[in-house]
Amino acid sequence: MSLSQSEIKSRAIQFIHDHADDKSEKSEAQTFWRDFFNIWGVSTRKVGSFEENAKTLKGTTGFIDFFWAKTVLIEHKSRGEDLDKAYKQALIYVQAGGIPNGEEPRYIIVSDFEWIQVFDLDDSSKSAKFKTSELINHLHLFNFILGLEQRTYRDEDPVNIQAAEIMGELHDELERSGYKDHNLRLFLVRLMFCFFADDTGIFKKDDFLFYLKDRTREDGSDLGSILSNFFQILNTSGDKRQTNLDELLASFPYVNGQLFEEQIPIVYFDSKQREVLIRCCEFNWAKVSPAIFGSLFQSVMDKNERRALGAHYTSEKNILKTIDGLFMDELREEFQVQRKKTNSKGLESLLERVRKIKLLDPACGCGNFLILSYRELRRLEMDIIQEIRNKNKESKEQELSVEWMGSLDVDMLYGIEIEEFPSQIAKTAIWIMDHLMNKEAGEKFGSYFVRLPLKKAPTIVNGNALRINWVDVIKPEDCTYILGNPPFIGSKYQSEIQREDMQKTFQDTNIKYGVLDYVYAFYKRAISFTRGYSIDIGFVSTNSIIQGEQPSIIWGWIFESGYRILFGHQTFRWTSDSRGKAAVHCVIIGLSKSKRDKFNLYKYQEIGGEPICEIVDNINPYLIKGSDTLISSRSRPICSESPKIGIGNKPIDGGSYLFEEDEMNEFVILEPSSRLYFKRWYGSVEFLNNKKRYCLIVKDIPVHEIRKLPHVLKRIENVKEFRSNSKSLPTKELSKYPTRFHVENFPQDNFLVIPKVSSEKRDYIPIGYLDPRECICSDLVFIVESSKLYDFGILQSSIHNSWMRRVAGRLKSDYRYSKDIVYNNFPWPEDPSDKQKKEVEDCAQSVLDARAEFPDSSLADLYDPLTMPKKLRDAHNKLDKAVDKCYRLKPLSSEAERVEFLFELYEKYTNTLTSQIKAAPKKKKQDK
């Protein structure tokens, strides 16, 4: 039984009340935990057992109060007893080998009725202690009971903003003096490298700072030439340097790596600029992550970006979502398995596997994905080496060499970047990260080493990834993973060059790429590159690629190429709420050719929150649990029950027939007889916000009357001229009929209105009835004619809105309802009884009645989650339950369950349609 969050909270409140006085009896403890698990609808009898035997470290037998294999061990004490002691006792059971291999729990829970303490053995940061009476505030800690795991990713340190501001000040000072563009960018990248080097051990600590302070004049007059000479020294090997160099200057290492190779003009400093430069150098750059190097540099170059650097903070934790799902989670899991074995052979094989990994980011920008991947792999390499060393010491095998400990190097990283300068930033940041990892390894193993001069380098190619041959960057047989964050550009916003990129990318397929997001070209190139090889792929993309008609256009080809979805993150907010920075709503999709039976699907209860992982049997292209069903565009509904739907009116009038209320009043004063021919005009905005606009319906004016209305006639002439001047041939043709609309839809009876665009914040898209005698609608709404109360109830229900949220497109983040995707594919109830229909009609009327009690409130007011009246909310809840019963008697307890059920029903309906089409007798050809 799947329970909604409100039901879980209700059960938790009852649990707290029922067990407020529990003290010590064993029977009380067992009842306590039976009721505890029942909060989530889980039976202790089915998942585990009480009084489980287990060995202690001394070899004796103890009793575990409750044990659920691979999940949780519970140790319960009487009220007031020491919970730390209880935890140690539970940990002994886990460590003593008394629990069968492979069944060790991830969680330990200890309690004395009054307190509950949870320990996550894989991630201590998730452990917590709280009073049982406060359980309602800690329910998220127990998502594992439902097979869900909450994943927490860290934000970046705010010190990065400080770094951006101080570097930004230096940038502005130099640019003000006329030093700019390429030369300024390269100069600042070199300085940032030196700042890092001075604080992280590439240079001796603060040698660069001392050199600037001690060897340059306070007025800054010689600083530029001294820095130019300094950069030249860094680019010169020791054997080629003059022997009579300044002793301090000679002590700086040979860097190599092409960073200091290009000659650029000398910068001329003044005293203020020198002062700013020294303050930059005094900043503690050791605290700044190289992973933010590129974002920091971009913000330095743009004043408007500087305070919005917080928008880039989340980039690190969101990049980790991609890296973890694509390979790090699997590698870490394998590491945990091998470290428990007595010999090191499995660890050595894993280490060899890690060291063979090669990564390609085809839109690498400043290299963030590559940088963080390298950091995580280096840290895993260190952990593996440490375990091998420990096992070798136990078996008295030979100690490992320093060189062997750090064989993973930056030449495993490959990138393509369309802009020239970010590629240089990427290389520099990767070298800095490599140095930091070498330093970390030195601290871990006591054998510090520096890779200078730089002998190996990441391969970062400057070029258009959709035009160049990826084989020239890395051979597919050498590549292990492809990952990144390709450009987010919708089909309507692509430049001519980008449209050409799409055409060239898809020209060898039958894919109708015209409506696809630009990012899908990277999916296509990546999959084509891997043909014949098993290379996993992980891309961050805008959530538009899993909405509307896009999935049905390309995912058939992806599946035919042998790929399935390995893991997926449902929609989340990519950027933060920093001032001046719009949020981007993204998904992450991992692809693999390898055969698996379990896949990780990450869900977000809040779009800006942390993900919860659910292990599922399959993930479909809409990133929900279920079969690989694709929702195609349809001109007709799959269900005969669907009332007729169409768009509203499309005047193409240049605004001549549309009026604000005050404009209409002024017009009527000029032309009193025209009042008869005005009607309220409803688009999405007008319908939802009760905004008053009006349309002049000139087609209703008798021909002999029009000549008596010169101001109306002028409007008609304006429309004719507007259409005649159009570049569109159909619009030019329409100029012959200036009193008619391009699209006309004038229902005879009351009709339902569905807005085409509605806020993502609403639980329901508000729909409602309008009277055709009083108004007409624009093409920004859909019109459902001859609709009954039952139809209104179904379309206004949660189950229809759940379907819409999953398959509709988006306008920014708002829902964009469509006829051919959302409405025509919606699975109506299969065979509801008359009693069930009557219940839906009664509940639907209650929703309309509840709205009517607030005549001064717009639908936008009434359906704002923060202001929705309780009476209206209650009416909707009753309607939702009534509609759910039309689908099945067992309650649909969550949106995910509703969507999964609807996809199954859709598959059933469409399979039936296909069978009917195949079974239909073919028409015989008549003899001529």
Given 3.5 Å as the limit, does a donor-acceptor pair link the side chain of Glu774 with the main chain of Arg680, or not? no
Is there a side-chain contact (heavy atoms from CB on, under 4.5 Å) between Asn318 and Val540 once you walk through the steps? CA-CA 9 Å; Asn318 288 326; Val540 179; over 6 Å; no
Is any side-chain N of the basic residue among Arg693 and Glu660 closer than 4.0 Å to the acidic one's carboxylate O? yes
In short, Phe506 meets Leu516 closest at the heavy-atom pair CZ-CD1, 4.0 Å
Geometric class of the Trp555/Tyr520 ring pair [parallel <30°, tilted 30-60°, perpendicular >60°]: perpendicular
Given side-chain hydrogen bond (donor to acceptor under 3.5 Å, both in side chains), test Ser726 with Ser728 step by step and report yes or no. CA-CA 5 Å; Ser726 173; Ser728 167; 4.6 Å; no
Side-chain contact, heavy-atom cut-off 4.5 Å: Asn824 with Lys819? yes
Can you find a pair of side-chain heavy atoms, one from Glu641 and one from Asp791, that are under 4.5 Å apart? no
Side chain of Trp681, backbone of Ser778: donor and acceptor closer than 3.5 Å? no
Just how far is it from atom CD1 of Ile511 to atom CD1 of Ile554, taken to the nearest 0.5 Å? 4.5 Å
Could you go through Ser858 and Asp861, starting from their C-alpha distance and side-chain angles, then the distance that decides it, and tell me whether this counts as side-chain hydrogen bond (donor to acceptor under 3.5 Å, both in side chains)? CA-CA 5 Å; Ser858 69; Asp861 296 330; 3.1 Å; yes
Worked check of ring-ring contact (aromatic ring centres under 6.0 Å, His included) between Phe678 and Tyr694: CA-CA 6 Å; Phe678 278 100; Tyr694 295 84; 7.1 Å; no
Take Arg499 and Met502 through the side-chain contact (heavy atoms from CB on, under 4.5 Å) test and state the conclusion after the steps. CA-CA 5 Å; Arg499 292 184 195 281; Met502 296 289 284; 5.5 Å; no
I'd like to know if the side chain of Asn825 reaches the main chain of Ile821, judged simply by a donor and an acceptor atom lying under 3.5 Å from each other, with no hydrogens or angles considered. yes
With a 3.5 Å cut-off and sequence neighbours excluded, list the donor-acceptor pairs that the side chains of residues 875-886 form with protein atoms.
| residue | atom | partner | partner atom | Å |
| --- | --- | --- | --- | --- |
| His876 | NE2 | Tyr863 | OH | 2.7 |
| Asn877 | ND2 | Arg873 | O | 3.4 |
| Asp880 | OD1 | Ser798 | N | 2.9 |
| Asp880 | OD2 | Tyr764 | OH | 2.6 |
| Asp880 | OD2 | Ser798 | OG | 2.9 |
| Asp884 | OD2 | Arg898 | NH2 | 3.0 |

Could you check if a side-chain atom of Asn649 sits within less than 4.5 angstrom of a side-chain atom of Val743, using non-hydrogen atoms only? no
Would a distance-only check, ignoring hydrogens and angles, find a side-chain to backbone donor-acceptor pair under 3.5 Å from Asp763 to Pro865? no
Please tell me if the side chains of Ile553 and Glu549 come closer than 4.5 Å, counting only heavy atoms from C-beta onward. yes
Has the side chain of Asp172 got a donor or acceptor atom that lies under 3.5 Å from a matching backbone atom of Glu169? no
Search all heavy atoms of Gln550 against all heavy atoms of Asp517 and return the closest pair with its distance. OE1-N, 2.9 Å
Of all heavy-atom pairs between Phe722 and Asp653, which one has the smallest distance, and what is that distance? CD2-C, 3.9 Å
Using a 3.5 Å distance criterion without hydrogens, assess whether the side chain of Ser684 forms a donor-acceptor pair with backbone atoms of Lys756. yes
What is the minimum heavy-atom distance between Leu630 and Tyr906, and which atoms define it? O-OH, 3.5 Å
Are Tyr518 and Asp501 close enough, and set up right, to give a side-chain hydrogen bond (donor to acceptor under 3.5 Å, both in side chains), and what steps lead you there? CA-CA 9 Å; Tyr518 192 64; Asp501 290 341; 2.7 Å; yes
Any side-chain heavy atom of Pro747 within less than 4.5 Å of one from Ile783? yes
Indicate the ring-plane relationship of Phe539 and Phe522, choosing parallel, tilted or perpendicular according to the 30° and 60° boundaries. perpendicular
Under a 3.5 Å distance rule, please check whether Asn750 uses its side chain to pair with a backbone N or O of Pro772 as donor and acceptor. no
Nearest-0.5 Å distance, CE of residue Met804 to CD of residue Gln547: 10.5 Å
Under the side-chain contact (heavy atoms from CB on, under 4.5 Å) rule, what do Leu872 and Arg851 come out as? Steps first, then yes or no, please. CA-CA 7 Å; Leu872 181 58; Arg851 290 180 186 175; 4.0 Å; yes
Tell me if the CZ atom of Arg675 is crowded by more than 12 foreign heavy atoms within 6.0 Å. no
Nearest-0.5 Å distance that lies between atom CD1 in Ile546 and atom SG in Cys586: 10.5 Å
Heavy-atom count around Lys650 NZ within 6.0 Å, excluding the residue itself: above 12? no
Taking Phe746's backbone N and O only, do any of them form a donor-acceptor pair with Gln748's side chain (distance below 3.5 Å, no angle check)? yes
With heavy-atom distances below 4.5 Å as the criterion, would you say the side chains of Leu789 and Gln845 are in contact? yes
Closest heavy-atom pair and its distance - Asn745, Glu785: OD1-OE2, 3.7 Å
Could you report the tightest heavy-atom contact between Tyr909 and Pro829, atom names first, then the distance? OH-C, 3.6 Å
What distance separates Arg806 CZ from Ile624 CD1, expressed to the nearest 0.5 Å? 6.0 Å
Counting C-beta onward and ignoring hydrogens, is there a side-chain heavy-atom pair between Thr910 and Arg634 closer than 4.5 Å? yes
Any chance you could measure Lys727, atom NZ, to Lys732, atom NZ, to the nearest 0.5 Å? 10.5 Å
Any donor and acceptor pair, going by atom type alone, linking the side chain of Tyr769 with main-chain N or O of Phe751 inside 3.5 Å? no
Look only at the side chain of Ser846 and the backbone of Asp842, and say whether a donor-acceptor pair between them is shorter than 3.5 Å. yes
Flag yes if more than 12 heavy atoms outside Asp834 fall under 6.0 Å of its CG atom; otherwise flag no. no
Without placing hydrogens or testing angles, list every side-chain donor-acceptor pair under 3.5 Å for residues 698-715, not counting sequence neighbours.
| residue | atom | partner | partner atom | Å |
| --- | --- | --- | --- | --- |
| Arg715 | NH1 | Ser656 | O | 2.9 |

From Ser674 OG over to Ile669 CD1, what is the distance, rounded to the nearest 0.5 angstrom? 10.5 Å
I'd like to check Pro766 versus Ser758 (side-chain heavy atoms, cut-off strictly below 4.5 Å). Are they in contact? yes
Check the pair Ile697 / Tyr657 against side-chain contact (heavy atoms from CB on, under 4.5 Å), numbers first and verdict last. CA-CA 7 Å; Ile697 317 296; Tyr657 294 149; over 6 Å; no
Whether over 12 other heavy atoms sit under 6.0 Å from Arg176 CZ: yes
Tell me whether the rings of Tyr823 and Trp828 are parallel (<30°), tilted (30 to 60°) or perpendicular (>60°). perpendicular
